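Worth saying up front: this structure is predicted, and the values here are computed from it rather than measured. Chain A is the first sequence line, chain B the second, and so forth, proteins listed ahead of strands; every chain is numbered from 1.
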Protein chains: 2
Amino acid sequence: MAVTIKDIAKYAGVSVTTVSRALNGYPDVSEETREKIKKIAEELNYSPNSIARGLVTNKTHTVGLVVSELIKPGAYHPFFLEILAGIKAGLRKDKYDLILYTVDPTSQDVTPYEKLCNDRKVDGAIVEGLKLSDPYIEEIKNTEIPTVLIDIPILNDKVGYVSSDNVQAAFEATSYLIKLGHKNIGFINGHNDAAVSFERLEGYKKALYKNNIPYKDEYVVFDDFTQDGGYNCFRKMIFENPEITAVFHASDLMAIGSLKAAQDLGMQVPDDISIVGFDDIELSSLITPGLTTIRQENYKIGYMAARHLVSIIKGEKPRHIIIPHRLIIRQSAKKI
Amino acid sequence: MAVTIKDIAKYAGVSVTTVSRALNGYPDVSEETREKIKKIAEELNYSPNSIARGLVTNKTHTVGLVVSELIKPGAYHPFFLEILAGIKAGLRKDKYDLILYTVDPTSQDVTPYEKLCNDRKVDGAIVEGLKLSDPYIEEIKNTEIPTVLIDIPILNDKVGYVSSDNVQAAFEATSYLIKLGHKNIGFINGHNDAAVSFERLEGYKKALYKNNIPYKDEYVVFDDFTQDGGYNCFRKMIFENPEITAVFHASDLMAIGSLKAAQDLGMQVPDDISIVGFDDIELSSLITPGLTTIRQENYKIGYMAARHLVSIIKGEKPRHIIIPHRLIIRQSAKKI
DNA sequence: AGATGTTACCAAAACGTTTCGGATGCATTT
DNA sequence: AAATGCATCCGAAACGTTTTGGTAACATCT
């Protein structure tokens, strides 16, 4: 049916070897025959069978994107699209295709990571949204498959990762609140099944320490990154520690949850309480008051993850790549 | 390196043919040897090389998802994730893998649709977000590749589509406004490069006609589906037709744009003007006032698209599949 | 003149499966 | 006893490439 390299060979009166080598730019074919072959290939609308090629080269020019929690309980992954768009852009140059795996941690049949990748013979994979407790983590620590993780610090011979500088970002956000005059600053953190939670806590502590504000355990709570999580944590925190005047959050969704909770408690934001988030999702600029937050360059995170994966596949050494963040000042935090 | 069917054959003392047939459930192998082979395969951690299999069967068990405008100018596709999640769920049962193509209409090298699919040898494809003017449309009308379109009505031997009943949905939304007592109802429609725009206009007209309200051309404007589009259209429409008391929109983003515009013009929603959207994106329930809108079951649209594609691949006849919608009543429209 | 190098080409193997067309041995039917 | 049927197995071809290890013809160097 489809035209193969054999057809071209017949047409051109040469061997399949020569066709292959001509089309792939090998030097041992005369310019004359190369041109002839190229022309015929063009005319016959030939396009190489990537399956057959993959069988012999053992390369598919395909990478996997494995994402956990595409659908978080109650909400869709808030910035997956941005990461995805970045990944696609990063892959475009080298013409890698992307095959999407969504893993559901609650599902029964958890295909092991290596099997997942090997079955489809991907050349490498980008991994996003894994919890620290996910069994994939252990597997990836020792894998030979070129892998780039997003927001999970694992580094070995074939595995690198990209993330924001979460310590620094949390440091800046907290410092900003301190600069506004706040001293009793709560921190509604993400669950401690995420690497970023530890880093952000460290940044928060660092800012307090640097400004000689004593750290209090009761000012820090953990929950999942959702709006409901923020809502509940805020109520509890304010109820138990009414002296708090500002709350930093490990996600915008949680910050928005706090915002709602504050409103429901009859508090004005930012007059009665200052709120700062993390992520800068689209919604954060649309709500009132606009949410002061840390912008993560998710598109760029995806883009660099893809670029780095390609470089690992090509044999370069994996690294940790840090993507710059930025404090976005809106109206949800103010001076006291 | 990896264990192949040959290794198993050697271990089991049978031919590769028998191993293949045993593993694939053919009847002409005794239960005894089948069990033996299965056990060995298990022990050796064998997993079949899908590339090699694909080469001979000419099937890859992979489908493509081609999506245009993943990143619309200024905004990310508002409900792509829901569709995607639905597609993945629909594919899971039959273990099809998903490879993601994002096509950028403004890009130079637009790979033809058939080439896109043939190069990677996908068994079929789901297509979303195409404009009517996209060259892919013509190609798909005559393609032999099993294809399911979302929101684009093309039907042939191998091509089906799924969508909401846009006529009926627009009819219901408009009828609802009429029931609330509105007579001068504007319609901010999407650009007429989208099939749904025509259908929604038809539904809008139908509702007016049924209620003996004369249709006025100046009450209907077209723009892209974005927030900015809504914002600008609303200002213009209200300025030129101040008697309008309600506006129906072809997307929630546009409705939200109108909301902003109304606020900027000092109008109260819903007291001075009623607003109705289309889509029910997440944001619509979070803003104040909550947006009355038509909910599209995007997850289900994706799910059914996937299921239908699989059935077409298996030889069944393509159809038009209609996914139910629902009028979601919130606070942005009220009785006059 | 012989050795060496260079250029342009090719036959055949290999990749790991599936599948086609038997083949073998045994039991059953005529 | 021959023919038939059945259950179980297998050899080899095929899928469309890339790659290995050549060869042949000619030019250049010693």
Comparing B/Thr18 with B/Asn49, nearest DNA chain C nucleotide closer to 5' gives the residue B/Asn49

B/Leu55 side chain: which of D/dT8, D/dC15, C/dC10 is closest?
D/dC15

Quick one, B/Ile83 with B/Ile126, criterion side-chain contact (heavy atoms from CB on, under 4.5 Å). Give me CA distance, side-chain angles, the key distance, then yes/no.
CA-CA 11 Å; B/Ile83 293 178; B/Ile126 295 171; over 6 Å; no

Do the ring planes of B/His320 and B/Tyr161 sit parallel (below 30°), tilted (30 to 60°) or perpendicular (above 60°)?
parallel

NZ (A/Lys300) with more than 12 external heavy atoms under 6.0 Å:
no

Rounded to the Å, how far apart are B/Ile8 CD1 and C/dG16 C1'?
11 Å

Separation of B/Ile51 atom CD1 from D/dT18 atom C1', in whole Å?
15 Å

A/Phe79, CZ atom: more than 12 neighbouring heavy atoms under 6.0 Å
yes

Polar atom pairs between nucleotides 19-23 of chain D and protein, under 3.5 Å, N or O only, would you list them?
residue: D/dT19; atom: OP2; partner: A/Tyr26; partner atom: OH; Å: 2.7
residue: D/dT19; atom: O4; partner: A/Thr17; partner atom: OG1; Å: 3.2

Rounded to whole Å, the OH-C1' distance (B/Tyr46 to C/dT17) equals 7 Å

C/dG16, OP1 or OP2 - any side-chain N/O from B/Arg53 closer than 4.0 Å?
no

Give a yes or no on this: more than 12 heavy atoms of other residues, nucleotides or ligands lie within 6.0 Å of atom CD of A/Glu144.
no

Would you kindly give the NZ-to-P distance between B/Lys36 and D/dT8, to the nearest whole Å?
14 Å

Residue pair B/Pro27/B/Ala52 against DNA chain D: nearer the 5' end by closest nucleotide is B/Pro27

When the distance from NZ of B/Lys59 to C1' of C/dT19 is rounded to whole Å, what number comes out?
15 Å

How far apart are the C-alpha atoms of A/Val127 and A/Tyr136, what are their side-chain angles, what is the distance that settles it, and do they pass the side-chain contact (heavy atoms from CB on, under 4.5 Å) test?
CA-CA 10 Å; A/Val127 178; A/Tyr136 277 13; 5.6 Å; no

Just the rounded figure in Å: distance from P of D/dC9 to CD of B/Glu31.
11 Å

A/Thr33 side-chain N/O to C/dC9 phosphate OP1/OP2 under 4.0 Å:
yes

Over 12 non-hydrogen atoms of neighbours within 6.0 angstrom of CD in A/Glu35:
yes

Taking CG from A/Asn58 and C1' from C/dA14, how many angstroms apart are they, rounded to a whole number?
12 Å

Of all the choices, C/dC15, C/dT17, D/dC9, which nucleotide is nearest to the side chain of B/Thr4 once you look at every atom?
C/dT17

Give a yes/no answer on whether the side chain of A/Asn24 brings an N or O atom under 4.0 Å of OP1 or OP2 in D/dT18.
yes

Using whole Å, report how far NZ of A/Lys6 lies from P of C/dA11.
13 Å

